[in-house]
Structures are given as C-alpha cells and as structure tokens.
Amino acid sequence: MSPQYIPPSTEQTTASNQGGCLSGFLIPPLAVICIGVVLAFLWLGSGPVTTIAAAPGQNEATLPQAASDQTAFSSNDSPIQAGTISPVFRPEIQYWSGSIQTWATKAGLDPNLVATVMQIESCGDPKARSRSGAMGLFQVMPYHFASGDSPYSPDTNAARGLAYLKRSLQAANGNARLALAGYNGGIGVIGRSESSWAAETQRYAYWGSGIYAEASNGAAESLRLQEWIAAGGASLCRQAHARLGINP
C-alpha cells in the first residue's frame with residue numbers, strides 16, 4: 001500500500017520551494033513525502049509476482065515469487081524409483097531386478113510386465129521345469145530355442161521368452177491381459193472369447209493382469225499376488241528361494 005500524501009501547510013509552502021527531499025529537517029511534511037517515495041521505490045523493486053494459471057472453473061491465484069521456489073512434483077513422476085521394479089513382487093523376483101530392467105529394455109517391454117510373467121511362471125527359479133517341458137525363468141517351451149541355445153541360461157531364456165511376449169502384446173494391440181493369455185495359451189487365443197480359453201489360461205490371465213495392474217499403479221503390495229501365493233504359488237517360491245540361496 002502506498003503511503004498517504006499529506007500536503008504541506010501554508011506556512012511551509014515557501015520553505016518547500018528551497019530544496020529537495022532533504023532540504024531541511026525543519027519541514028516534516030516534506031520528509032514524510034520523501035520517505036514515502038523511497039518506500040514506494042523499494043516496494044516496486046522487491047521483485048515480480050507469479051501468476052499461477054487456474055484450472056477451468058477456478059479463480060486465478062497470484063502468489064509471491066518465493067512460492068515458485070518450492071520443489072516441484074510432476075504428475076508424471078512415478079512413485080517407483082528409477083532402476084527398480086515394483087515392490088509388490090516377491091524377494092525371488094527382486095533378486096533379478098537389475099536383469100529384468102536390462103531384458104525389458106532390449107525387448108521393448110515394461111519391466112513390471114516382465115516381472116509379472118516371471119513371478120507366475122517360475123517365481124525366479126532359473127532351473128524350473130514344468131510337466132509339459134517348459135524351462136527356466138520364463139518357462140519357455142523347447143521349440144522356441146535355436147540350435148546351440150542353453151535353455152536354462154537366464155539371458156537366453158529371457159531373450160526367447162520375451163520375444164514371444166512382445167509378439168503376443170503386439171497381437172493384443174497392447175492389451176496386457178490378452179497378451180498374458182497369449183503367452184500362456186498361444187497367441188491364437190487372443191482373438192477368441194475368454195469363455196473358450198482353457199481353464200489354465202483363464203487363471204493365468206486373472207493372476208497376471210491383477211498383479212500387473214497393482215504393480216503399475218504404484219501399490220506397496222499386491223492382493224492378487226497374495227491370492228496366487230495362497231492358491232499354490234507358495235511352493236514354487238519356496239523352491240526358487242532355496243535355489244537362489246536367499247536368506248530367510
């Protein structure tokens with residue numbers, strides 16, 4: 001607020017014409033004016049104000065420049081730290097976190113989707129083998145390997161498994177649930193109604209899509225993963241835990 005201007009009295013008019021702001025301490029009204037000018041100058045030079053654009057339907061808010069110095073948080077910032085996978089995954093999957101990042105980058109896939117597949121395929125056991133003959137971390141069938149491949153090599157197993165997952169995701173037009181179904185039951189199931197899928201594929205899509213959704217949403221834990229553990233995944237993870245030598 002600017003200082004109020006007080007006009008000089010009649011007796012002081014003549015004296016006020018004899019000098020500037022400091023032309024005598026015997027003329028108090030002029031001193032008040034000078035002080036007011038100085039204060040106004042300082043106020044105008046104190047810095048700009050920042051106008052924050054308001055969202056539709058809201059009033060614009062004007063704040064001092066100092067408010068813009070607060071640490072900004074972008075809505076695009078993820079609650080998951082860079083270089084890590086979601087904390088919802090079991091310790092056996094976290095063991096492979098760095099490798100999952102590398103494999104996912106090479107395959108052009110979301111690391112949390114890769115971790116989801118590893119979680120329900122092997123729970124991180126690199127030597128896992130199913131009754132149908134699927135092998136390794138991503139439970140890859142023998143016919144996906146080239147001559148001379150080492151199926152249980154984590155890098156080789158990931159390269160073959162994730163190449164198929166990428167194909168499945170492309171066939172599903174980016175729909176993770178359908179891509180997971182295709183990974184389990186064959187890409188051909190993607191175009192069919194879910195009711196026609198094998199029961200195993202339906203369960204796989206249910207477990208995988210739920211775990212992946214919770215991992216992607218920044219959850220601290222996954223209720224769907226806990227369901228999977230209770231439904232039989234615990235034994236697979238105990239096997240992986242022992243294989244990897246993870247401390248209890």
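We use all heavy atoms of the structure for the numbers below, so side chains are in, but hydrogens, waters and symmetry mates are not.
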Going by side-chain contact (heavy atoms from CB on, under 4.5 Å), name the residues that satisfy it together with [X], two or more places apart in sequence or in a different chain.
X: Ala231; answer: Trp207
X: Lys106; answer: Thr102
X: Gln226; answer: Glu221, Leu223
X: Ala171; answer: Ile187, Ile190

According to the disulfide bond (SG atoms under 2.5 Å apart) rule, which pairs have a member within [range], sequence neighbours left out?
range: residues 85-118; value: none
range: residues 146-183; value: none
range: residues 147-239; value: Cys123-Cys237
range: residues 137-180; value: none

*Any ring-ring contact (aromatic ring centres under 6.0 Å, His included) pairs touching residues 109-129, not counting sequence neighbours?*
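Counting only pairs at least two positions apart or across chains, no ring-ring contact (aromatic ring centres under 6.0 Å, His included) contact touches residues 109-129.
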
*asked:* Can you pull out every ring-ring contact (aromatic ring centres under 6.0 Å, His included) where at least one residue sits in residues 157-185? Sequence neighbours excluded, please.
replied: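 Of all non-adjacent pairs touching residues 157-185, those that pass ring-ring contact (aromatic ring centres under 6.0 Å, His included) are His144-Tyr164.
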
_Under a 3.5 Å distance rule, please check whether Asn157 uses its side chain to pair with a backbone N or O of Met135 as donor and acceptor._
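Yes, because the side chain of Asn157 sits within donor-acceptor range (under 3.5 Å) of the backbone of Met135.
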
*Using modelled atom types only, decide if a donor and an acceptor are shared between the side chain of Gln202 and the backbone of Glu194 within a distance under 3.5 Å.*
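Yes, because the side chain of Gln202 sits within donor-acceptor range (under 3.5 Å) of the backbone of Glu194.
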
In Å, rounded to the nearest 0.5 Å, how long is the span from [atom1] of [X] to [atom2] of [Y]?
X: Ser235; Y: Ile229; atom1: OG; atom2: CD1; value: 9.0 Å
X: Asp155; Y: Ser99; atom1: CG; atom2: OG; value: 6.5 Å
X: Leu165; Y: Leu180; atom1: CG; atom2: CG; value: 7.0 Å
X: Met118; Y: Phe89; atom1: CE; atom2: CZ; value: 10.0 Å
X: Thr116; Y: Leu109; atom1: OG1; atom2: CG; value: 11.5 Å
X: Gln101; Y: Ile85; atom1: CD; atom2: CD1; value: 7.5 Å

Please answer: with hydrophobic residues joined when any side-chain heavy atoms are less than 4.5 Å apart, are [X] and [Y] in the same cluster?
X: Tyr204; Y: Met141; answer: no
X: Tyr95; Y: Val88; answer: yes
X: Leu236; Y: Leu244; answer: yes

*asked:* Working note: Asn112 + Tyr212, criterion side chain to side chain contact (heavy atoms under 4.5 Å, CB included); need CA distance, chi angles, decisive distance, verdict.
replied: CA-CA 7 Å; Asn112 282 322; Tyr212 178 56; 4.0 Å; yes

*Apply salt bridge (charged side-chain N to carboxylate O under 4.0 Å, His left out) to Asp149 and list each qualifying residue two or more places apart in sequence or on a separate chain.*
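Checked Asp149 against salt bridge (charged side-chain N to carboxylate O under 4.0 Å, His left out); matches are Arg160.
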
*Under the salt bridge (charged side-chain N to carboxylate O under 4.0 Å, His left out) test, residues paired with Arg192 that sit two or more places apart*: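 None.
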
Grab the two heavy atoms, one from [X] and one from [Y], that are nearest each other, plus how far apart they are.
X: Pro126; Y: Tyr152; value: O-CD2, 3.3 Å
X: Ala172; Y: Leu178; value: CB-CB, 3.6 Å
X: Ser168; Y: Gly182; value: OG-CA, 3.4 Å
X: Pro154; Y: Leu137; value: CB-CD1, 3.8 Å
X: Ala219; Y: Pro87; value: O-CG, 3.9 Å
X: Ala128; Y: Ser122; value: CB-CB, 3.9 Å

*asked:* For Ser222, run the side-chain hydrogen bond (donor to acceptor under 3.5 Å, both in side chains) check against Gln119, Glu214, Arg90 and tell me which one passes.
replied: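 Testing each of Gln119, Glu214, Arg90 against Ser222, the sole residue satisfying side-chain hydrogen bond (donor to acceptor under 3.5 Å, both in side chains) is Glu214.
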
